[in-house]
**Student:** 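First, the structure itself, so that you have it in front of you.
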Amino acid sequence: MILYEYPFNERIRTYLRLEQLFKRLAVLVPREHPLDHHYAIQTLFEIMDVASRADMKSDVLKDLDRQKQSLAGFRGNPAISEAALDTVISQLDACFSQIADVPGKPGQSLTENDWLMAIRSRIGIPGGTCEFDLPAYFHWQHLDTAQRQAALTDWSRTLAPLAEALVLLLKMMRETGAPQKVVSTGGHFQQNLPQGRTFQLLRLRIDPSAGLIPEISGNRLMFSVRLMRLGEDHRLHPSGEDASFELALCA
């Protein structure tokens, strides 16, 4: 099954983008080829760009605190394991402290590295990191793999608190969604969202063998899914057929 996720607000959209970038970074750093490490550095810069939003750090801290307060309300509930509850609350506290203790915006310490910032100023230019543009960077790419990996790990460590917090927040949010199987009629499905509840994320799973691609749109009141099919002209066309898929709404 292919999983598609659709965020209902800009904050969750940013979280998902950062999650994707952190996953890419985690794949690239352990590799050995200098080209992989070039794209690892590029990914670091992308994370810094997304995380440098003025309200990014504040949003994460508020969400961590909100989750903690919500879970604290379950204390004394006989259906809830106190040990499990304490473990999750401790994780939230640890993430909160690690992010709050880092001065400035996530990754701000990396902006003080002139060598990295020289690469950042050129990496957006097509072919802008050739050896005649950045000889020091070209030299770095010829260092031993272990040296390059150590440097990348060190730079990534400054962003690790943010990565850990996002993993925890998104995991807890996704666990609130109960999957249900639905059927689209004529390739289209629409549903009103329950009043009095705020949903953050829609998760859709569909069998890839069907060859259908969901186009999702939505707001706080409703959402719709239109199933498309890639034609021979390499364009998406409405499928117009009934199909089933799995949906989960996460609060």
Side-chain angles (χ1 to χ4, degrees), residues 1-7 10-53 56-57 59-61 63-64 67 87-88 90-113 115-117 119-120 122-124 129 137 140-175 177 200-201 203-205 208 248 250:
M1 302 287 277
I2 299 180
L3 171 64
Y4 294 85
E5 292 188 319
Y6 182 85
E10 188 61 31
R11 189 180 84 263
I12 302 303
R13 184 174 288 109
T14 302
Y15 286 4
L16 293 177
R17 285 175 175 152
L18 283 169
E19 179 189 46
Q20 181 192 54
L21 290 169
F22 279 121
K23 285 181 177 179
R24 186 203 300 170
L25 185 64
V27 170
L28 290 171
V29 171
R31 293 183 179 177
E32 299 183 357
H33 199 281
L35 188 59
D36 291 313
H37 290 168
H38 168 79
Y39 288 111
I41 289 178
Q42 186 178 50
T43 302
L44 271 175
F45 295 151
E46 289 185 51
I47 293 172
M48 292 169 63
D49 288 340
V50 177
S52 64
R53 275 181 32 191
M56 182 71 224
K57 182 175 178 179
D59 281 347
V60 174
L61 290 174
D63 280 342
L64 290 169
Q67 287 285 5
T87 298
V88 178
S90 295
Q91 291 175 333
L92 290 166
D93 280 335
C95 287
F96 187 98
S97 298
Q98 288 172 359
I99 292 180
D101 291 344
V102 176
K105 299 176 182 178
Q108 184 168 314
S109 61
L110 295 180
T111 62
E112 300 169 5
N113 186 319
W115 185 82
L116 275 178
M117 292 305 100
I119 300 170
R120 189 182 188 183
R122 301 285 311 176
I123 207 165
T129 56
Y137 180 47
W140 181 85
Q141 290 175 306
H142 285 78
L143 295 178
D144 290 340
T145 299
Q147 288 180 268
R148 286 185 273 110
Q149 287 175 334
L152 287 167
T153 300
D154 185 54
W155 299 327
S156 302
R157 194 174 291 120
T158 64
L159 295 162
L162 176 61
E164 292 171 9
L166 290 176
V167 167
L168 183 58
L169 287 172
L170 289 172
K171 177 178 180 292
M172 296 178 70
M173 181 180 62
R174 286 165 174 145
E175 288 176 348
Q200 309 284 344
L201 182 72
R203 310 186 83 206
L204 184 154
R205 293 181 188 273
C250 305

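Note that the structure is a prediction, hence the values are computed from the model and not measured.
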**Student:** Whether the side chain of N113 engages the backbone of W115 through a donor-acceptor N/O pair (distance < 3.5 Å, no angle test) should be reported.
**Tutor:**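 Between the backbone of W115 and the side chain of N113 there is a qualifying donor-acceptor contact (under 3.5 Å).
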
**Student:** To the nearest 0.5 angstrom, please state how far the SG atom of C95 sits from the CG atom of L162.
**Tutor:**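 CG of L162 is found 10.0 Å from SG of C95.
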
**Student:** Q149 side chain to P30 main-chain N or O, any donor-acceptor pair under 3.5 Å?
**Tutor:**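 Judged by distance alone, yes, a pair lies under 3.5 Å.
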
**Student:** Considering non-hydrogen atoms only, spot the tightest contact between Q108 and P103 and give its length.
**Tutor:**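 Shortest heavy-atom contact: CB-O, 4.5 Å.
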
**Student:** Would you indicate whether the side-chain heavy atoms of F96 and L61 approach each other to under 4.5 Å?
**Tutor:**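 Yes. Closest side-chain heavy atoms under 4.5 Å.
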
**Student:** Do M172 and L168 have side chains that approach each other closer than 4.5 Å (heavy atoms only, starting at C-beta)?
**Tutor:**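 Yes, their side chains come closer than 4.5 Å.
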
**Student:** If you compare all heavy atoms of L25 against all heavy atoms of S156, which two are closest, and at what distance to 0.1 Å?
**Tutor:**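 Closest approach of L25 to S156, heavy atoms only: CD2-OG, 3.5 Å.
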
**Student:** Check for a donor-acceptor pair, side chain of K105 on one end and backbone N or O of S52 on the other, with a separation under 3.5 Å.
**Tutor:**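 Yes, because the side chain of K105 sits within donor-acceptor range (under 3.5 Å) of the backbone of S52.
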
**Student:** Could you go step by step and tell me if M56 and L18 meet the side-chain contact (heavy atoms from CB on, under 4.5 Å) rule?
**Tutor:** CA-CA 11 Å; M56 182 71 224; L18 283 169; 3.6 Å; yes

**Student:** Looking at side-chain heavy atoms only, is the closest gap between R11 and D63 below 4.5 Å?
**Tutor:**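 R11 vs D63: side chains touch.
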
**Student:** Atom CG of L44 and atom CG of L21: how far apart are they, to the nearest 0.5 Å?
**Tutor:**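 If we round to the nearest 0.5 Å, L44:CG and L21:CG are 10.0 Å apart.
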
**Student:** Can you check whether L28 reaches H37 side chain to side chain, under 4.5 Å on heavy atoms?
**Tutor:**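 Side chain of L28 against side chain of H37, heavy atoms only: no contact under 4.5 Å found.
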
**Student:** Heavy atoms only: give me the nearest T111-M117 pair and the separation to one decimal.
**Tutor:**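 Between these two residues, the closest heavy atoms are O-CG, 3.4 Å.
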
**Student:** Which class fits the ring pair H38 and Y137: parallel under 30°, tilted 30 to 60°, perpendicular over 60°?
**Tutor:**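 Judged by the thresholds at 30° and 60°, the geometry between H38 and Y137 is tilted.
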
**Student:** What distance separates L166 CG from Q20 CD, expressed to the nearest 0.5 Å?
**Tutor:**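 L166 CG to Q20 CD: 13.0 Å, rounded to 0.5 Å.
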
**Student:** Is there side-chain contact between L16 and L170, with at least one heavy-atom pair below 4.5 Å?
**Tutor:**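 Yes, side chains in contact.
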
**Student:** Might you confirm whether atom OH of Y39 has over 12 heavy atoms from other residues, nucleotides or ligands at distances under 6.0 Å?
**Tutor:**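 Open.
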
**Student:** Would you say I12 and M173 make side-chain contact, with heavy atoms under 4.5 Å?
**Tutor:**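 Yes, close enough: below the 4.5 Å cut-off.
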
**Student:** Identify the two heavy atoms, one from R203 and one from L3, that lie closest to each other, and give their separation to 0.1 Å.
**Tutor:**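 That closest heavy-atom pairing would be NH2-CD2, 3.1 Å.
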
**Student:** First locate atom CZ of R148, then atom CH2 of W140, and finally report the distance between them rounded to the nearest 0.5 Å.
**Tutor:**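 The CZ atom of R148 sits 6.0 Å away from the CH2 atom of W140.
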
**Student:** Quick test of your reading: applying side-chain hydrogen bond (donor to acceptor under 3.5 Å, both in side chains), list the pairs with at least one residue in residues 91-104, sequence neighbours left out, ordered by first then second residue.
**Tutor:**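 Checked against side-chain hydrogen bond (donor to acceptor under 3.5 Å, both in side chains) - neighbours excluded - the pairs reaching residues 91-104 are K68-D93.
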
**Student:** Supply the atom-to-atom distance I119 CD1 to I41 CD1, rounded to the nearest 0.5 angstrom.
**Tutor:**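 Reported value, rounded in 0.5 Å steps: 4.5 Å.
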
**Student:** Quick check against the 3.5 Å criterion: does K57 have a side-chain atom that pairs as donor or acceptor with the backbone of V102?
**Tutor:**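 Answer holds: yes.
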
**Student:** Got a second to check how far E10's CD is from D59's CG, nearest 0.5 Å?
**Tutor:**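 Result: 10.5 Å between the selected atoms.
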
**Student:** Can you name the closest pair of heavy atoms from I99 and A165 and give their distance?
**Tutor:**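 Smallest heavy-atom distance, with atoms named: CD1-CB, 3.4 Å.
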
**Student:** Which residues pass the side-chain hydrogen bond (donor to acceptor under 3.5 Å, both in side chains) test with R205, not counting sequence neighbours?
**Tutor:**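 Here no residue qualifies.
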
**Student:** Do W155 and L116 have side chains that get closer than 4.5 Å, going by heavy atoms?
**Tutor:**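 Yes - at least one pair of side-chain heavy atoms lies under 4.5 Å apart.
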
**Student:** Less than 4.5 Å apart, any side-chain heavy atom of Y15 and any of V60?
**Tutor:**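 Yes; the side chains approach each other to less than 4.5 Å.
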
**Student:** Can you list the residues that meet the side-chain hydrogen bond (donor to acceptor under 3.5 Å, both in side chains) rule with K23, with sequence neighbours excluded?
**Tutor:**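 In terms of side-chain hydrogen bond (donor to acceptor under 3.5 Å, both in side chains), with neighbours along the sequence ignored, K23 is linked to no residue.
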
**Student:** Could you work out, with ring pair (Phe, Tyr, Trp, His ring centres under 6.0 Å) as the rule, every residue matching F22, not counting sequence neighbours?
**Tutor:**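 Listed in chain order: nothing, the list is empty.
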
**Student:** So that I can tick it off, tell me whether E19 and R174 are bridged by a salt bridge, with the cut-off set at under 4.0 angstrom between side-chain N and carboxylate O.
**Tutor:**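 Salt bridge flag = yes for E19 with R174.
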
**Student:** Would you list the pairs meeting salt bridge (Lys or Arg N to Asp or Glu O under 4.0 Å) in which at least one residue belongs to residues 37-48, sequence neighbours left out?
**Tutor:**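 Every pair satisfying salt bridge (Lys or Arg N to Asp or Glu O under 4.0 Å) with a residue in residues 37-48: R24-E46.
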
**Student:** Can you name the residues that form a side-chain hydrogen bond (donor to acceptor under 3.5 Å, both in side chains) with T14, not counting sequence neighbours?
**Tutor:**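 Per chain and number, T14 pairs via side-chain hydrogen bond (donor to acceptor under 3.5 Å, both in side chains) with R53.
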
**Student:** May I ask you to say whether D49 pairs ionically with R17, meaning some side-chain N is under 4.0 Å from a carboxylate O?
**Tutor:**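 Here D49 does not pair with R17 in a salt bridge, since their nearest N and O are not under 4.0 Å apart.
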
**Student:** A51 and P106: which non-hydrogen atoms are nearest, and at how many Å?
**Tutor:**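 Minimum heavy-atom contact is O-CD, 3.7 Å.
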
